[in-house]
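The structure appears right after this line, and notes come after that.
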Amino acid sequence: MNVEKHIFEEKEILEIVTDWFQKMDQSSKVGVIDPTKLNIVLDGLYGAMEIDETEEKSLAEYMRGASKRGMEAVWTKERLEDFEVWKEEWIADYEKVPENRPLPKGLKSGIKGKGMYDFFHQLSAFAYGVLSEDDFRKYTEVRLKNGKLWQEHRDDEREKIETPASDDPIRIGELPPGFLPDFWDWLKSAVEDE
């Protein structure tokens, strides 16, 4: 009986997080979620939610290079490599759709889909407790808004914000419409494949 109750609670929490992703994608707003529930779900998807102090400091960093050690500690190098492959395939499929505008390249990096990795990192940092809910919301909502504006050819309206990596407001990597539910499906299916 206790095992059945635990399984029911896990499914209920998974449904809450799935719904949270769907609503974010539809509304471009980050709804309220209990970080503990998010942590439980990510831990259940083999994200190591217990890492050492050095890895935790790395995970808390804003920049990709500085956060790499922390992300590898949480997700493993192999899983992050798998994410990069999946992300490139997702971008290719997205850009094949005639109505979709090709994604922009980062000004400094020249990489498409930088906002996708940054979201994955910030989701992990938020669930782990080293990124505040306010910062997670701010970055994610700007990414979603700018992704939508890009697709609507309203480039001039895209928002710039301050980040720990810049002295002046900058345009951060976008999240295109439809990415979040697909990312969530990928994250869940990566566990099912193991």
Side-chain angles (χ1 to χ4, degrees), residues 13-14 16-25 27-77 79-80 82-84 86-87 106 108-109 111 113-148 158-176 179-184 186-188 190-191:
I13 292 171
L14 185 63
I16 289 168
V17 175
T18 299
D19 186 54
W20 181 67
F21 269 94
Q22 290 287 345
K23 286 180 179 175
M24 260 193 292
D25 187 65
S27 69
S28 298
K29 297 287 183 197
V30 176
V32 176
I33 192 159
D34 180 349
T36 304
K37 288 182 179 177
L38 184 59
N39 184 300
I40 289 168
V41 169
L42 296 186
D43 188 55
L45 298 176
Y46 302 128
M49 292 294 134
E50 291 186 28
I51 56 179
D52 72 32
E53 188 177 327
T54 304
E55 294 162 340
E56 184 178 308
K57 284 181 182 176
S58 171
L59 187 63
E61 292 290 335
Y62 180 81
M63 297 298 291
R64 182 178 185 153
S67 68
K68 183 179 179 182
R69 182 174 179 179
M71 281 294 283
E72 286 180 356
V74 172
W75 295 108
T76 75
K77 182 179 179 182
R79 192 119 178 239
L80 292 176
D82 183 51
F83 170 75
E84 290 297 328
W86 174 83
K87 179 187 80 165
K108 289 184 180 178
S109 67
I111 297 171
K114 182 181 177 311
M116 298 171 180
Y117 176 87
D118 292 343
F119 171 79
F120 188 14
H121 164 235
Q122 290 167 352
L123 173 73
S124 303
F126 170 55
Y128 193 80
V130 295
L131 179 68
S132 73
E133 182 176 0
D134 287 343
D135 283 344
F136 176 75
R137 178 175 287 111
K138 173 179 70 172
Y139 298 137
T140 302
E141 288 181 358
V142 167
R143 290 182 198 290
L144 289 165
K145 176 183 175 184
N146 286 353
K148 185 176 180 186
R158 290 183 297 162
E159 191 174 332
K160 293 182 178 182
I161 61 171
E162 291 181 16
T163 71
S166 60
D167 294 330
D168 297 314
I170 61 169
R171 191 168 293 126
I172 60 176
E174 295 92 349
L175 288 174
F179 171 76
L180 289 182
D182 290 347
F183 164 77
W184 182 236
W186 168 80
L187 194 60
K188 291 184 299 183
V191 172

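All values below come from the heavy atoms of this structure, side chains included, with hydrogens, waters and symmetry mates left out.
- Proximity of a side-chain donor or acceptor of N146 to a complementary backbone N or O of E159 within less than 3.5 Å is detected.
- Taking the salt bridge (Lys or Arg N to Asp or Glu O under 4.0 Å) definition, one finds that K77 meets it with nothing, sequence neighbours left out.
- No salt bridge links R69 with E72; every basic N to acidic carboxylate O contact stays at or beyond 4.0 Å.
- Counting only distance, with no hydrogens or angles, the side chain of T140 and the backbone of R137 share no donor-acceptor pair below 3.5 Å.
- A heavy-atom distance below 4.5 Å is found between the side chains of V30 and W20.
- Put simply, the side chain of L42 does not reach to within 4.5 Å of the side chain of V17, judged on heavy atoms.
- Rounding to the nearest 0.5 Å gives a distance of 9.0 Å between CG of L123 and CG of L180.
- Panel note: side chain S166, backbone E162; no donor-acceptor pair is recorded below 3.5 Å.
- Rounded to the nearest 0.5 Å, atoms NZ (K114) and NZ (K87) are 9.5 Å apart.
- Interatomic distance, K160 NZ to I172 CD1, rounded to the nearest 0.5 Å: 12.5 Å.
- The ring-ring contact (aromatic ring centres under 6.0 Å, His included) with Y139 is formed by just one residue from the set F119, F126, Y62; it is Y62.
- For K57, the salt bridge (Lys or Arg N to Asp or Glu O under 4.0 Å) criterion is met by E53, not counting sequence neighbours.
- Ring planes of F183 and F83: perpendicular class, angle over 60° (limits at 30 and 60°).
- Not a single donor-acceptor pair under 3.5 Å links the side chain of S67 to the backbone N or O of L59.
- Inter-residue side-chain proximity for L187 and R79 is flagged as met; some heavy-atom pair is nearer than 4.5 Å.
- Looking at R143, its side chain never comes within 3.5 Å of a backbone N or O of M116 through a donor-acceptor pair.
- Here the side chains of Y46 and T76 are not in contact, with every heavy-atom distance at 4.5 Å or above.
- Screening F179, W86, F21 for a ring-ring contact (aromatic ring centres under 6.0 Å, His included) with W186, the sole residue that qualifies is W86.
- Applying the 6.0 Å contact sphere to NZ of K138 captures more than 12 heavy atoms from other residues, nucleotides or ligands.
- In this structure a side-chain-to-backbone donor-acceptor pair under 3.5 Å is missing from H121 to G70.
- Taking 4.5 Å as the limit, every side-chain heavy atom of D25 sits out of range of all side-chain heavy atoms of W184.
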